[in-house]
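To keep things clear, I will list the structure first and then write my remarks on it.
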Amino acid sequence: MELTGAEIVCESLLKEGVDVMFGLPGGAVLPLYGALAKYPAIRHVLVRHEQAAVMAADGYARTSGKVGVCSATSGPGATNLVTGIASAMMDSIPIVAITGQVPRAAIGRDAFQETDVTGITLPITKHNYLVMNVEDIAPAIKEAFHIARTGRPGPVLVDIPKDVLLDERTEFVWPDKVHLPGYNPPGEAPQEQIDRAAELINQAERPVILAGHGVLISRAYDELRLLAEKAQIPVITTLLGISSLPTDHYLNIGMPGMHGHAYASWTIDKADLLISLGMRFDDRVTGRVKDFAPNAKVVHVDIDASELNKNVKADAPVLGDLKVVLNQLLPKVETNVHLEWIKHVDTLRAEHPLNELPDSQELPPQYVLTQLARATRGESIVVTGVGQHQMWAAQYCNFQEPNTLITSGGLGSMGFEVPAALGAKMGRPDKTVWSVAGDGGFQMTLCDLATAVENNIDVKFAILNNGVLGMVHQWQELFYEKDYFSTVYSGNPDFVKLAEAYGIAGIRVNKREEVEGAIQQALETPGPVIVDFVVKPDENVYPMIPAGESVNEMLEQPPVETSGEKAV
Amino acid sequence: MSTNSDLHTIVALVEDRPGVLTRIASMFRRRGFNIASLAVGKSEQAGLSRMTFVVEGDEYTVNQVTKQLDKLIDVIRVTDITTQEIVARELALIKVHANTANRGEVIQIVQLFRANIVDVGAQSVVIEITGEEDKINALHDLLEPFGIIEMLRTGLVAMVRGQSDGRTSDSVGLEAYGQSSNGHGGHSSVTEASPNAAKQD
């Protein structure tokens, strides 16, 4: 039977095992929505803004391990996806975005709601398609899913003109394989690379593992733990690598970099070998590259050849799929105890602890996260946006299971925390999901509280409400002579009343004593809940390695005020 | 990372479909790579084009260029052939002032270079020359005093000479084209994390 293009899209999604997608219809994509109505096996979650569709797909992909799917109409619908697509690209998240386009005859004529979305998303997708014939839809979608999920994952956009969706029919033929001669993601690493890496690991006296997002993507967490334990190597997890090893594992020594744990950064400084697994030496990790790990050789394993020797020169570059590579490597790595080194790392841990919480009347935001971690025993999924709340979550929460910190790491996108949490919950309905937000980020995407309500998506929203754009405010305090221009939010809504307006529970917390009870109450209340934690407004994130500097310039404590420069 | 800024010749086998050139150009722009010249045309295989890039940059940059090119889905194979035995040619059309008084002199220079005059007008001639870049530059310099009205150069096209190891083309091993060629491991010298990678100490 001949099907329309729109029906072929739906059939293709079924073939790919898609059971949920996030989107918002409009003129050009309406034929697809017409068809979706006849495919109840694909649950369509209607959002309030397309940015939420793609970010929910991101959260869903990370917790479910499947490809996240979103859709939008042409023009503004498609451009509203851009931030979420860029975030997924930076964080290597498999997403397929399907957009409607104006009819073929109108393309290039500046038609109503026409934008060149394949052009716009060229540098922020792993690949994209403009499908100009109905016969090409099924192969394009099959390729899109294949490209999105394999190798180093990433977002793929498929743009389909309205008339290709609506006016043409053809037989649905699902190709049995993809034809991509230019795309061969690596699996096993060449033996000589493995040998060289093993040699450096076996020779090292002060090795440290830098575990990145690749460990989670490749599902190599067991292999990571085996490697660390076999040779007694301390593990530092990057922001996106957090939860690849349980926080309380005795070899886990935290997060490095700008706002990482001071002892983690010092450990890197003293190490003689970095074993970098599926991470890309982001500037937030390295600071000034020439002073980064000055005593260390580098083993760098990545599935993306272009990451090897991009930011940091590798003595032993290894190209391959991390899980496969670690299985190749494990038998070659000798059992070791590294007694002196582990002792030294313990000393660093004792000498450079996380700062004690301020003893203030006002509620310290870090306290909220320590209580959240305690109440949920590190078993819930924490979704954050970007900024102070994100760094505190990374510093103070604990994570027992893989993929339990979901954050916009590379792009650092405010507003990620609300929609990504919705997707994260749908990907793991059995888990408690906390969306941890600042009052700034929360207001960027709070329109999709309606989506949570409409679909009864049980996410607990914790707002660390300090009434400022906290991280920017912190930079102004430290680097811009305390000129707090445009970072103070004086017109915030009453978030408890906002919850009421959406028909969900809202709790306000002002004092330490109320925190634990409020968290319990939120956990016991079915459905979405907003907890508005009114926190100390001028609290900053420490330690801090200022941008472009090194561990030697790290501020472990707030700088001491010099005379006459007291903050007001 | 080394500092010697050099010209590198890179050839790439790419899918011949709309948007491929845009993808490549966009990647070069976004990552701040400099293309000195770029030539594109059909290859010996239907559906595939071959591109020759001359890229300006140090070893680090060129390493990144080849890897980033290779990362594009539509790019099938990338090879930096700078240090290999290659045949490299460029074609130039040069329109130069020439009248009855000095046309003879121009013709003489053209003959010395084994170039051709492909158009003669009352006040100008158009010269076609094929050769390596230096040869074209040399002709250009000699013609300059006559007054160059217009010049157009195609950019370098380059090909590896027949090799003693029997390797004859960057498309060897692509017999599978037309079917899905799967399996792991790189598909060019680029993906193998490169032998020049481990030279930090």
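Reminder, nothing fancy here: chain letters follow the sequence lines and each chain counts from 1.
- Contact of Asn128(A) with chain B is made through backbone and side chain together, with heavy-atom distances under 4.5 Å.
- Residue contact with chain B, scored on non-hydrogen atoms closer than 4.5 Å, involves the side chain of Ile147(A) exclusively.
- Comparing Lys71(B), Arg29(B), Arg23(B) by how many heavy-atom pairs each has under 4.5 Å with chain A, the most go to Arg23(B).
- A distance of 6.5 Å separates CD in Gln64(B) from CZ in Arg31(B), rounded to the nearest 0.5 Å.
- For chain B, the option among His300(A), Glu143(A), His127(A), Lys126(A) with the highest count of heavy-atom pairs below 4.5 Å is His127(A).
- Ring geometry, Phe292(A) versus Phe281(A): the interplanar angle exceeds 60°, so the pair is classed perpendicular (tilted spans 30 to 60°).
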Checking Tyr183(A) against His146(A) for the ring-ring contact (aromatic ring centres under 6.0 Å, His included) test, could you report, in this order, the C-alpha distance in whole Å, the side-chain angles of both residues, the deciding distance, and whether it holds?
CA-CA 10 Å; Tyr183(A) 179 69; His146(A) 177 73; 5.8 Å; yes
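- Asn63(B) and Lys67(B) share a donor-acceptor pair across their side chains, judged by distance under 3.5 Å alone.
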